[in-house]
Every structure is written in structure tokens, then in C-alpha cells.
Protein chains: 2
Amino acid sequence: MAATLHDVARLAGVSIKTVSNVINDYPHVRAETRERVEHAIVELGYTPNLTARNLRSGRTGAIALAIPDLSLSYFAELAAAVIAAAEDAGAVVLVEQTDGDRDREIELLKSPRLKLTDGLIFSPLGMSQEDVAFLDVPYPLVVLGERIFDGPADHVTMRNVEAARAATEYLIAGGRRRIAVVGAHEGELVGSAALRMQGYREALDAAGIPFDPEIIGYTTLWHRSNGATTMRALLDRGAEFDAVFGFNDTLALGAMRVLQESGRRVPDDVAVIGYDDLDEAQYSIPSLTTVHPGQDWIARTAVASLLERIAGNGEASPPRLMLADYRIVERESAPPAAATR
Amino acid sequence: MAATLHDVARLAGVSIKTVSNVINDYPHVRAETRERVEHAIVELGYTPNLTARNLRSGRTGAIALAIPDLSLSYFAELAAAVIAAAEDAGAVVLVEQTDGDRDREIELLKSPRLKLTDGLIFSPLGMSQEDVAFLDVPYPLVVLGERIFDGPADHVTMRNVEAARAATEYLIAGGRRRIAVVGAHEGELVGSAALRMQGYREALDAAGIPFDPEIIGYTTLWHRSNGATTMRALLDRGAEFDAVFGFNDTLALGAMRVLQESGRRVPDDVAVIGYDDLDEAQYSIPSLTTVHPGQDWIARTAVASLLERIAGNGEASPPRLMLADYRIVERESAPPAAATR
DNA sequence: ATGAAAGCGCTAACAT
DNA sequence: ATGTTAGCGCTTTCAT
């Protein structure tokens, strides 16, 4: 079996306290003693039992990340950034998938499995504003996304309304007037879809362009296939438009594919803009103009904020809202104003 | 602070053993006692301290998954499948990213951070055959991929040679004779690239088609951009071919984009086949014909095999090699023989 | 500078 | 059917 402090102590002829001192870099250890202990550690291949250490210290050095589904590129890229940021801070990440299911999300929040971790970074999808009370949990929590606001926990998210407005204005500046939407959510109030819709309408209003419900494509999920299906439905009902705002990149890519199949040229006949700036947005044909919403910053900020709360040892301080900056990434599917047509 | 067994016992007026019995569904507890204890548990909001339980039992209920990078779609989809399979088995997954760096991979194998888990599913990329000894670790380990064979651990992987041969034969059956490769690795012996290359050559040999180094595109990484760059290099040096075998889907998609930019039609001028069957292969234009290598089966098998080893409590039994079945997924970028040209 | 010993919260062997 | 108690391996007072 694995060696313990006692084994090392016995071999080095000291007490376990001394071994512990050596391991934890306690300064007052005689050089000669330290060397003997270090020798014993190497000889026995001793490595500390983290579970025991955790029990004693009440910390595990692990944080949990709960997201809907890793096979969605957006969340995969987010998780990659969170894990990298956590590693830099010496923490390790346990990933849970909720499938965006409200019940699973709520269950997860109270799951004792979380006891394995010091805190949680939580990206809800099924829960909504009325579930805000479930976020009042007895451990450090950072919430991502826009399903829930004014909760009792720290919140890191993006400027959806502003960014969506900027995306729409970008299309308008490029001379487009009939801008279709792909990915609207029927009746939603606070989700990403609702906020991006709001930004879209603000831009139209500001430009004096009337809102036309005929060119709004609704969908439930935001996968590639939904983008394709929604665009097909728009075309089938004879909707006319010269631009498309996909509420995320995968929707935009799915929609773009259907547009091209139908014989329309992108961007000549229809300009397309997405949202998320996924890696693959660079490699589609044409490459996808999109909104870069600052995922990296979100990931780093979420980790830093969570670790701060953990280090703060449950001292209550008011929940913070942190907003990432965005920018429009100009690519081929919607060239900048000067280059249009 | 969180309630403990003692608090519950005191409130219920029983000993901690009885509380423990209730929690662990030990049968011999009087119904009335059980009820009292359950009441106390609810009242105090007691949840067991998993760290303490782990220290006692020597198990954590968590497994580690080490992959190069979650932002690579293949690994994201693999991780999604592993986490789902683990959850079904009641285990939780800690994800580590190695960046495919040999030193980090080796370091990770001996990292005490793994003590937080019961075992490891490891997908090396930087390590190679000569590092096989590092796989001899004192905890349950399952290795994925084809960097290392005949190691001391269970190994779950795919039939690379056969699948690559089948992919090449599929193109040949479609009437193609000059089949370019995108993603070969210079001088590699046992990696995925080498194995797929071997399958490619076997297919050529069987069909009596001479091997032409001129149409082999080398690269180091397998990202989208490498596919694009490699294809550009092939075109720049005037290579002529009527088909492309991308050693993975992202390479194939990157290459396909460059082909189309250069004015070549896919599949009419050049047929393209990939490998991995990523979700996005369905949504490219044209959709990508590819090899489905059985990732789901690999994930499920890896988890099951690891949990078996963990349950087996370190009893040595010979390492097993498990191979997933593959199949060709016929899509537009390389239509089946009957439909060609 | 080092040692002895308590205890983190739990499980399980043993006792009643 | 339930209680007592000894650890799991570590950190950490408190002594010396």
C-alpha cells in the first residue's frame, strides 16, 4: 500500500509532525533533519493522501463546472477556458452535464456530490428567473449566462443587448434593411434569446426600420440543425430578407448552409452574422462574421471570483455582476460597410 | 456549519451508528427509529461529508479524464460521452487538459492530484511508445488512442488501419485514382496518422495504384487551420488529385474550404472523405463523408472497464485491448460508387 | 527544533 | 436492534 506520514517518520527516525513540517515548508526544521526526511520520502515514494488532507482542512482544491452539454462547441470552449484558468490557480475541475434540463440543474445544486468540491461554476439553461431561490446554496457559487438575474450569487455574463444591437447596426451600416433572425425564443423574457432580440429591435428602431414578425425565425434549441430547419421554414413561407442574424454561430452556420443550398449567395444576396466567435466560424465558407463575446474573460473571471469566495471562507459580501466586453469580428459572410456589394 | 452525524444522532436521541445505518440502508433498523432519524436529517439539512466517507472507504466516486484539449471537437465529444457514461454508473468526472504535451502528460500520471480520484482514463498525444513504462502506475488506468501499445494498462481504441483502408477503398470504388492525404505525420510509427497512412497504402497496393509522395500532405497538428494550410501547400506545388483523405474531420473540412476557394467543385472535381464523424460533418457544404470510429462505444467501454478495475481492488489481471467497430458514413463530399460522377 | 496527541466526519468490527 | 469505539491520514495546537 501507499506510504503514509507514519512510514516516512519511522524510516527517518522522526515524528510525523516533523515530516509534516517538511512537506508543508514549515521554516523551523534543521537542514540535516529535513534532508533525512526528504530522503525517506523519495525512498518510499510517499505522496500525501489528499483525501485526508481535505478532511482536515475542509478544502478539496477542486471546483465543479456544470454546463448543459460538452458536445455543444460553445460550452466545450468555455469548459476548456475554465479548466485552463483553474489549473493556473492550482485547482482542478469536475465537469457535470445537465443537458439544460431544469430538474437536473436544481438537483445538481443540492447534490452532495458537490461536497467533493469547494465551489461551483454554474451555467443554467433550463432554470429561469422564478427559480432564483434555488441559487441560495450553502457553498460558493458563480453563475454564468442570462437565465437568471439578481440572484444571491456572483454572476459573470456578457452584454447581450448591446452586442446584439451592435451586430444589427453593423448589418444596417452595410446597407441591409430586411434582417431576418434565426433563433428567437417564443415568449422568453430574460434568456439570451430575449436579450439579443431586444438589442436587435433597438437597432431597428434607432434606424427607423419597422419590425417585421414575418422574418423572425423561432426555434427551441440552438444547434446546427435548428439553424438549418428554421431557415428552411423562413424560405418555405416566402420570407424576403437581405441579411440574417443568427443568435449563435451554430444557428448561423446551419442557416447559411440552407441559404446556399437554395441558390442564394452569401454575402451578395444575403449577409449573415453570428454570435459566439467559435473556432469554426473562421473556417466555414464563407467565413462567418460574428460577435466575439469574451468567453475567455468570462472563464477567467468566473474562476478568479469563485476562488476568492472560497478563500473568503463564506464571509458574506454582496453578490457581484461582472460583464464581459464584446467586439464584432468582421469576416466574409458580412463584410464591413465600405466593402459591401 | 453543516450538520454531522453526531448532530443528527443527538437530535434523534440515538447513536451515530444508528444514523449511519439509516443512511446506508442497513436493514435492521426499527421503522419508528428510522423515521425519527429521517426527521432529524431533514430538519438539520444533513448531507453526508463525502470527504470523510472517502477517507474511510478509500474511494472517492470520481474518475479523472485526461485529454489534450476540450476545444478540439473530437475530444469534446469524447469527454461528453465519458461524463454521460460515468454519470450512469454513479461516478463523477474530473477533466484535465494536457495540451498533448509529453512532459505534462507524464507529470499528470504521477500527480498527487489524481489522489482525488479512483482511476484515470488517459488519452495521450505527446507520449509515444518509448514512454510505455510511465503507464505502469499504482492506480487503475485505461488508455485511449494509438500513441502507445502493449502497455501495462487496459487500452480502448479503434481499428485505424482497417478503417483507413476502408475509407480509401471507398474512394477507389467511386472511381478515384489520385487520392491525396491531408494530415500525415513525418516519421511517425505508431500514432493515428501512421496507422491511417498504413491503411491508405494497403488500399492503394490492393488496387494496384502506385503510391505518390507528391500528393501526401504533412502537418503536425490536426486542427482546421492545418487542413487549410496543408491543402494550400499541395495546390501551390501543383499536385494533381481527384480525391482527398483527411485524417480527421477538421483537417478534411479545412482542406475542403481551400479546395472550394480555388474553384474546384466537391465532389465533382475532388471527392473528400474525413475521419471521426463529428457532429459538424453533417452540416458542412457539402456535408462530409467520413469514418464513424465508434466514439460512444469507446467512451462507454473505457468507463466500464475502469470501474471494473476499481471495483476489482487492484487485483492484477492481464491488460485488455478493446477495439471499437467503425463504419463509413456516406454523405455528399464523396458519394457512394453508384452515384459517382 | 521537534514530539505527543486531539480530532476532521465517517464506517465497520465488536459488543450488548 | 442499537451503542461503543477504533481507526482512515492528515494538520495543528500545545508541550518540551
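All chains are named by letter (A, B, ...) in the order of the sequence lines, taking the proteins before the strands, and each is independently numbered beginning at 1. Here the structure is a predicted model, which means the values were calculated and not measured.
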Residue-phosphate contact under 4.0 Å: B:Asn54 side-chain N/O, D:dC8 OP1/OP2: no

Report yes if a side-chain nitrogen or oxygen of B:Asn21 is closer than 4.0 Å to either non-bridging phosphate oxygen (OP1 or OP2) of D:dA1; otherwise report no. no

How is A:Thr33 classified with respect to the nucleic acid when contacts are heavy atoms under 4.0 Å: base, sugar-phosphate, or nothing? sugar-phosphate

Might you list the N or O atoms of the protein lying below 3.5 Å from N or O atoms in nucleotides 4-8 of chain C, with each pair's distance?
from, atom 1, to, atom 2, distance (Å)
C:dG7, N2, A:Arg56, NH1, 3.0

Search all heavy atoms of A:Pro318 against all heavy atoms of A:Arg309 and return the closest pair with its distance. O-NH2, 3.1 Å

Show which side-chain atoms of residues 140-147 of chain B pair as donor or acceptor with protein atoms under 3.5 Å away, not counting sequence neighbours.
from, atom 1, to, atom 2, distance (Å)
B:Glu146, OE1, B:Thr157, OG1, 2.3
B:Glu146, OE1, B:Asn160, ND2, 2.8
B:Glu146, OE2, B:Asn160, ND2, 3.4
B:Glu146, OE2, B:Ser192, OG, 3.3
B:Arg147, NE, B:Leu125, O, 3.1
B:Arg147, NE, B:Met127, O, 3.2
B:Arg147, NH1, B:Glu188, OE1, 3.1

Lys/Arg-Asp/Glu bridge criterion (N-O < 4.0 Å) met for A:Glu87, B:Arg104: yes

Exercise: do A:Thr60 and A:Asp118 side chains pair donor with acceptor under 3.5 Å: yes

Out of D:dT2, D:dT11, C:dT11, whichever nucleotide has its closest atom nearest the side chain of B:Arg53: C:dT11

Closest to the side chain of A:Val14, out of C:dG3, D:dT2, D:dC10, is C:dG3

Protein-nucleotide distance ([X], atom [atom1]; [N], atom [atom2]), rounded to Å:
| X | N | atom1 | atom2 | result |
| --- | --- | --- | --- | --- |
| A:Arg59 | D:dC10 | CZ | C1' | 16 Å |
| B:Arg10 | C:dG9 | CZ | P | 12 Å |
| B:Leu5 | D:dT5 | CG | C1' | 14 Å |
| A:His6 | D:dG7 | NE2 | C1' | 11 Å |

Taking C-beta and beyond as the side chain, do B:Val93 and A:Val95 meet within less than 4.5 Å on heavy atoms? no

Any chance you could measure B:Thr51, atom OG1, to A:Arg53, atom CZ, to the nearest 0.5 Å? 14.0 Å

